[in-house]
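Working notes, structure below.
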Amino acid sequence: MRIDLHAHSNASDGTDSPAELVAAAVAADLDVVALTDHDTVSGHAAAAEAVAALPAGSRLTVVPGAELSCAVDGISMHLLAYLFDPQEPEFARERDLVRTDRFRRGRAIVERCRELGADISWEQVQRIAGAGSVGRPHIASALVEAGVVATVSDAFTADWLANGGRADVRKHETDPVVAVRLVRAAGGVPVFAHPGAVKRGRTVSDQVIAELAAAGLAGLEVDHTDHDEETRVRLRGLAGELGLLVTGSSDYHGTRKTVRLGEHTTDPEVYEALLAQATGAKPIGR
Ligand code: AMP
Ligand code: FE
Ligand code: FE
Ligand code: ZN
């Protein structure tokens with residue numbers, strides 16, 4: 001079984017449509033892929049249609065999910081949520097709040113970039129983002145188009161879009177304890193995404209992770225491209241101490257990042273344990 005529990009489509013900052021992501025997952029020989037766009041479930045329906053249209057004998061299952069933008073003590077962090085009821089009103093309202101604020105913040109970042117001499121526009125960013133939940137990677141693509149930086153990842157420096165960078169503007173982010181409770185109340189299963197991704201900025205303390213565990217966190221995403229070996233060993237130990245599951249996932253973003261779909265995977269027993277905790281939605285199989 002090959003199980004990748006973290007992938008983005010163009011419903012947020014990935015470059016594949018949900019249907020293209022489904023095709024890419026089949027091509028990558030995956031059995032399970034989770035669709036976890038930032039603060040939105042808008043790709044789920046198209047992914048489900050694409051799964052239904054797969055040829056008989058296909059074994060791909062799509063786990064509907066999302067990746068929630070959170071912050072604690074001013075430190076941004078991401079919470080993966082799987083198999084929640086997308087209609088549950090309180091959680092849906094919170095996702096709405098974050099998505100809406102992404103527009104205000106996106107415009108403000110574009111304004112900052114222009115002040116700093118980058119010839120980009122909000123119209124251009126909107127064209128790049130399309131219907132997707134708009135974020136810094138779309139603005140990074142605009143900076144690449146304008147010749148300001150060579151790659152998307154080169155835009156995530158202190159000069160431009162990195163956390164605390166010259167053109168960074170914060171968006172509304174949910175307190176992670178609140179987010180964990182919202183996900184659970186909607187029947188979903190919360191997993192802390194890339195908890196040790198230091199190259200993105202400050203990361204939260206073990207104390208905070210312990211508080212999240214007490215609030216209902218199910219697991220830590222340990223095998224992730226942004227974690228070195230030492231970080232993985234440390235996080236695995238912490239997960240053991242706190243009774244948390246350990247997942248591995250690619251965090252695929254299509255051509256906006258270099259990581260390949262299925263580059264990191266989750267053990268089947270862990271996947272089963274996550275499924276056993278979910279009551280809000282069912283995995284989408286053919
Ligand atoms: P936003 O959700 O708009 O705050 O943007 C965060 C997104 O930017 C993350 O989900 C990643 O896709 C991307 N990102 C953050 N840090 C980096 C980095 N250092 N290099 C490349 N992409 C990054
Ligand atoms: Fe992203
Ligand atoms: Fe993330
Ligand atoms: Zn992600």
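As the structure lists them, so they are numbered: ligands from 1, and atoms in each ligand from 1. None of the values given here were measured: they were computed from a predicted structure.
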May I ask you to list the atoms of ligand 1 that are less than 4.0 angstrom from any heavy atom of H253?
12 (O)
From the Zn ion (ligand 4) out to just under 2.8 Å, does an N/O/S atom of H253 turn up?
no
For D226 and R200: C-alpha separation, side-chain torsions, deciding distance, then whether salt bridge (charged side-chain N to carboxylate O under 4.0 Å, His left out) applies.
CA-CA 9 Å; D226 289 356; R200 300 184 187 208; 2.8 Å; yes
Near R102, which atoms of ligand 1 are under 4.0 Å from a heavy atom of that residue?
1 (P), 2 (O), 3 (O)
Any idea which N/O/S atom from E67 gets closest to the Zn ion (ligand 4)?
OE1
Does atom CZ (R260) have a neighbourhood of more than 12 heavy atoms from anything else shown, all under 6.0 Å?
no
Determine whether W122 and V134 make a side-chain contact, defined as any pair of heavy atoms from C-beta on separated by less than 4.5 Å.
yes
Closest H78 atom to the Fe ion (ligand 3) [N, O or S only]
ND1
Salt bridge (charged side-chain N to carboxylate O under 4.0 Å, His left out) partner of R102, chosen from D39, D13, D37
D39
For N/O/S atoms only: which one belongs to D251 and is nearest the Zn ion (ligand 4)?
OD1
Could you tell me, atom by atom, which parts of ligand 1 come under 4.0 Å of a heavy atom of P137?
5 (O), 7 (C), 8 (O), 12 (O), 13 (C)
Quick check: do L30 and L261 have side-chain heavy atoms less than 4.5 Å from each other?
yes
Is L242 close to I209 at the side-chain level, that is, under 4.5 Å between some pair of heavy atoms?
yes
Got a sec: does the CZ of R107 have more than 12 other heavy atoms crowding it under 6.0 Å?
no
Sub-4.0 Å atoms of ligand 1 with respect to non-hydrogen atoms of H78
10 (O)
Counting from 1 in the order shown, the ligand 1 atoms closer than 4.0 Å to a non-hydrogen atom of G135 are 3 (O)
Among the heavy atoms of R256, does any lie under 4.0 Å from an atom of ligand 1?
no
If we only consider heavy atoms of K257, is any one of them less than 4.0 Å away from an atom in ligand 1?
yes
Decide whether an N or O pair under 3.5 Å exists between H38 and ligand 1.
yes
Honestly, for V152 the part within reach of ligand 1 (heavy atoms, under 4.0 Å) is neither
Within the 3.5 Å criterion, strictly below it, is a donor on E67 or H8 matched to an acceptor on the partner's side chain?
yes
Just let me know how R136 lines up against ligand 1, side chain, backbone, both or neither, with a heavy-atom cut-off below 4.0 Å.
both
As an exercise, identify every atom of ligand 1 less than 4.0 angstrom from a heavy atom of R105.
1 (P), 3 (O), 4 (O)
S69 versus ligand 1: do any nitrogen or oxygen atoms come within less than 3.5 Å of each other?
no
Mind checking whether H44 and F84 have parallel, tilted or perpendicular rings, split at 30° and 60°?
tilted
Starting from atom 15 (C) of ligand 1, find the nearest protein heavy-atom neighbour and note its residue, name and distance.
F156 CE2, 3.5 Å
Check all N, O or S atoms of E67 and name the one closest to the Fe ion (ligand 3).
OE2
I'd like to know whether CD of E115 has more than 12 heavy-atom contacts from other residues, nucleotides or ligands below 6.0 angstrom.
yes
The Fe ion (ligand 3) to H194: any N/O/S contact under 2.8 Å?
yes
For T15 against T255, the heavy-atom pair lying closest together:
OG1-N, 2.7 Å
Any N or O of K171 that comes nearer than 3.5 Å to an N or O of ligand 1?
yes
Looking only at heavy atoms, which two atoms of H194 and D251 are closest? And how far apart?
CD2-OD2, 3.6 Å
Quick one: do H78 and H38 satisfy ring pair (Phe, Tyr, Trp, His ring centres under 6.0 Å)? Show the steps, please.
CA-CA 9 Å; H78 291 168; H38 296 288; 5.5 Å; yes
What residue and heavy atom of the protein are closest to atom 9 (C) of ligand 1, and at what distance?
R200 NH1, 3.8 Å
For T247 and S249: C-alpha separation, side-chain torsions, deciding distance, then whether side chain to side chain donor-acceptor pair (under 3.5 Å) applies.
CA-CA 7 Å; T247 68; S249 301; 4.7 Å; no
Need the ligand 1 atom indices (1-based, order shown) with element for anything under 4.0 Å from a heavy-atom of D13.
7 (C), 10 (O), 12 (O)
Counting backbone and side-chain atoms alike, does H6 have an N/O/S atom under 2.8 Å from the Zn ion (ligand 4)?
yes
